[in-house]
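Chain A is the first sequence line, chain B the second, and so forth, proteins listed ahead of strands; every chain is numbered from 1.
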2 protein chains.
Amino acid sequence: MSNFETLFYYIQETSGKLLSEDDKHLLMAHFKPKKLRKRQYFLQEGDVCKYIAFIVKGSARTFTVDDKGHEHILKLSLENWWIVDFESFYLLTPSRFNIEALENLEVLQSTNAQIEEFLKHIPAFSAMSNVISQNNTIATQKRMQAAMIYTAEERYEDLISNYPQFLQRFPQNMIASYLGLSPETLSRLKKNSFK
Amino acid sequence: MSNFETLFYYIQETSGKLLSEDDKHLLMAHFKPKKLRKRQYFLQEGDVCKYIAFIVKGSARTFTVDDKGHEHILKLSLENWWIVDFESFYLLTPSRFNIEALENLEVLQSTNAQIEEFLKHIPAFSAMSNVISQNNTIATQKRMQAAMIYTAEERYEDLISNYPQFLQRFPQNMIASYLGLSPETLSRLKKNSFK
DNA sequence: GCCTTAACTTGATCTGGGTCAAGCTTACTT
DNA sequence: AAGTAAGCTTGACCCAGATCAAGTTAAGGC
């Protein structure tokens, strides 16, 4: 499956609508393939996030660095996910986040102006956008709740059942940071859960 | 200003578009005014959230109860906010949340099916919906980040500068729960910040 | 206006998870 | 294949914020 076929398939699956040939040509004209090597940055703190990108292959992390120089991972992303800092992308403000490739990364990227065009002219794209924002609202609410109520151990078990791929694809210290834990705590927690 | 005028004004302000007379009639036909007395529930855990409501007057809290019987407030809502559990509302699943009036509450409520109609037929409504979901995405991302990085004190100061009305309208123990703190901790924290 | 209940404060103590440090393992580099 | 770096584990210690308890203030109900 080519990069674009992956995107087309994703849009149709998510929206429940078909793309016409015209739709596909429009998407192909305005989504640009881009490759990043492991450790390269898709977005750097302080820059405006000009692009939104669809991951065709590889993985990435979105993180901030606090005053003490500690990194905090807010999001881990795999194939068929979007990477972007929405705040910066919509409002054109400098981003507070970094987005870094954790493996060699292949994406299809586009700008805000072009996305507006897609939303206006491609019904499947606009339906997809609604579905995503709906899912997103639900997921963040859940994660919020999880962060408030659950202990470290419960959050780890939650991750295992909701995103088992993460354990294969991301090093443990990244998972720890994503869960808001120190690497040491996650290590100990795993040991105890097998007793 | 009548209940509906408040809603019309809100939609126009948020969307940046005007409502036609037809639009207004459609809204008036399908948003039902409802009053709840202080302590009454708009939504109870386990029920499906059939309505979304626009607060015309009063305030509410969205909270869950954990295994130990402790309440956790996820959201505090005032005039010109919406109350709903999106997950339950969209997916028709039983809600894990309670939504309770903290003051006598006047809302305008509508169902999922009717909202779909508004989105289809009223451009200002659909634009408003996009703006809200955009703001929502940004706000939750910020709150997520805040929860991961900031100390209790920093989160409290953040609340003071972002939502100063909250201090007037909500009792301190509710604010503590919203911030993920025990009432005792918030009390101590306030004392120290005035030293 | 009195009484009950809810909200807030203050102190004493406890604990989950962080921090620091050192050793161990796995995996890229050249 | 050896060398170096990155990731993981384990132990000792520490601290922010929770919990428990008791007293104080404020506010709704009749």
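Summarising the local packing, NZ of B/K24 is surrounded by more than 12 heavy atoms from other residues, nucleotides or ligands at distances under 6.0 Å. No more than 12 heavy-atom neighbours from other residues, nucleotides or ligands sit within 6.0 angstrom of OH on B/Y9. In A/F118, the CZ atom is crowded: over 12 heavy atoms of neighbouring residues, nucleotides or ligands sit closer than 6.0 Å.
No side-chain donor from either of A/Q44 and A/N98 sits under 3.5 Å from a side-chain acceptor of the other.
In this structure, B/L102 places its CG atom 13 Å from P of D/dG28, rounding to the nearest Å. For the pair A/Y178 OH and D/dG7 P, the interatomic distance rounds to 19 Å; values are reported in whole Å. Here the P atom of nucleotide D/dA5 and the CG atom of A/N173 are 17 Å apart, to the nearest Å. Distance, A/L167 CG to D/dG7 P: 17 Å, rounded to whole Å.
A salt bridge links B/E79 to B/R169: one of the charged nitrogens lies within less than 4.0 Å of a carboxylate oxygen. Salt bridge B/E71/B/R61: present, at least one basic N to carboxylate O contact under 4.0 Å. B/E87 has a carboxylate O that lies under 4.0 Å from a charged side-chain N of B/R96, or vice versa, which qualifies the two as a salt bridge.
On the nucleic acid side, DNA chain C has its first and last nucleotide under 4.0 Å of a heavy atom of chain B at C/dA7 to C/dA12, going 5' to 3'.
If you chain together hydrophobic residues whose side chains sit under 4.5 Å apart, B/Y156 and B/F170 fall into the same group.
Taking the centre of each ring, B/Y10 and B/F54 come in below the 6.0 Å mark.
Side-chain nitrogen and oxygen atoms of A/K191 include none within less than 4.0 Å of the OP1 or OP2 phosphate oxygen of D/dT9.
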**OP:** At under 4.0 Å between heavy atoms, which parts of nucleotides 13-21 of chain D does protein reach? Answer with one letter per nucleotide, 5' to 3': B base, S sugar-phosphate only, - none.
**Re:** ----SSBBB

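The aromatic rings of A/H70 and A/H72 sit perpendicular to each other, their planes meeting at more than 60°, with 30° as the lower class boundary.
Looking at every heavy atom in both residues, A/L27 comes nearest to A/I11 through CD1-CD1, 3.8 Å.
Where DNA chain C pairs in unbroken runs of 3 or more (Watson-Crick or G-U, both distances under 3.5 Å), the stems are C:4-27 with D:4-27.
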